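Written out below as structure tokens is the structure these notes cover.
The structure displayed is predicted, hence computed values, not measured ones. Convention: sequence-line order gives letters A, B, ...; per-chain numbering from 1.
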Amino acid sequence: MPERKVIVESEVGLHARPAATFVQTAAKAPIDVTVAKPGGAPVSAKSILSILALDVRHGEAIVIHAEGEGADQLLDELAAIVSVA
Amino acid sequence: MTTVLAPVAGSVVGLAAVPDPVFSEGLVGPGTAIDPAREPGKVLAPIDGTILKLHPHAYVIVGEDGRGVLVHLGIDTVQLRGEGFRLLASEGERVRAGQPVVAWNPAAIEAGGRSPVCPVVALDARPGTVSAVVTAGPVRAGDELFQWD
């Protein structure tokens, strides 16, 4: 079960540019990708609506989960997007 | 089909004119942008629905069909931390299209060195499903802005 727990370092949280870049990257992948707050319900990482609704703030953790071919590489890419201040 | 109303009065300029690549490159989604009239005013709900997220500088309304529309009040206005914005509705509230959501003054935003331009974006819209009612030029708050098929 490939997943990554990462802290969202961007000043605006997972909103605006980080959110849009995150969703664009996830949407390009042919496999399912979800995001959740730790212990929370996962939502699709391919939906900007779901990501904005998740309302992740600066300094909060998220768990990104993907299954299938290329999952590890995709998770690394997504983790890198939110790890940039 | 969803008819999206203009949340503010002003001039329709299109997303390409927004001085933030996240909008102008269509990364958030398709839609348009309004350069608002420089006078204090109320920003309206663009569709019937529930206020999914309400920040002073931006909000998302989701219709019963699950479609969400983002209204962003100015660029880099998150930095104002709510100063100059007054909430007229609350998160989770059901609103009608045309109902006031936030009060603000675009002239004050501009005086503070930021663009008051308002992107209105169809979230998760499939390519080719959004068509302009007003492509460019003057629009009144509450006028039909674009159609989302």
(request) Find out whether A:Ile48 and B:Val121 are in side-chain contact, i.e. whether some heavy atom of one side chain is under 4.5 Å from a heavy atom of the other. (result) no

(request) Among residues two or more places apart or on two chains, list those pairs meeting ring-ring contact (aromatic ring centres under 6.0 Å, His included) that have a residue in residues 106-129 of chain B. (result)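 Output for this query is empty, none listed.
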
Are [Y] and [X] linked, directly or through intermediate hydrophobic residues, by side-chain heavy-atom contacts shorter than 4.5 Å (ILVMFWY only)?
X	Y	result
B:Val69	B:Val101	yes
B:Leu123	B:Leu27	yes
B:Leu15	A:Val23	yes
A:Leu78	A:Leu49	yes

(request) Return the set of residues passing side chain to side chain contact (heavy atoms under 4.5 Å, CB included) with B:Ala37 (not counting sequence neighbours), or none when no residue passes. (result) B:Glu39

(message) Need one label for B:Val28: side chain, backbone, both or neither, based on atoms under 4.5 Å from any heavy atom in chain A.
(response) both

(message) Strictly less than 4.5 Å between heavy atoms, which residues of residues 6-14 of chain B line up against chain A? Please order them by number.
(response) none

(request) Would you mind checking which part of A:Ala53 comes under 4.5 Å of any heavy atom in chain B, side chain (CB onward), backbone (N, CA, C, O), both or neither? (result) both

Below 3.5 Å only, please: all the donor-acceptor pairs between chain B and chain A, one per line.
unit_1   : atom_1 : unit_2  : atom_2 : d
B:Leu27  : O      : A:Gln24 : NE2    : 3.4
B:Lys53  : NZ     : A:Asp55 : OD2    : 3.3
B:Asp124 : OD1    : A:Ile48 : N      : 2.8
B:Asp124 : OD2    : A:Ser47 : OG     : 2.5
B:Asp124 : OD2    : A:Leu49 : N      : 3.3

(message) So which atom in B:Val22 and which in A:Ala20 form the shortest heavy-atom distance, rounded to 0.1 Å?
(response)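 Taking every non-hydrogen atom into account, CG2-CB, 3.6 Å.
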
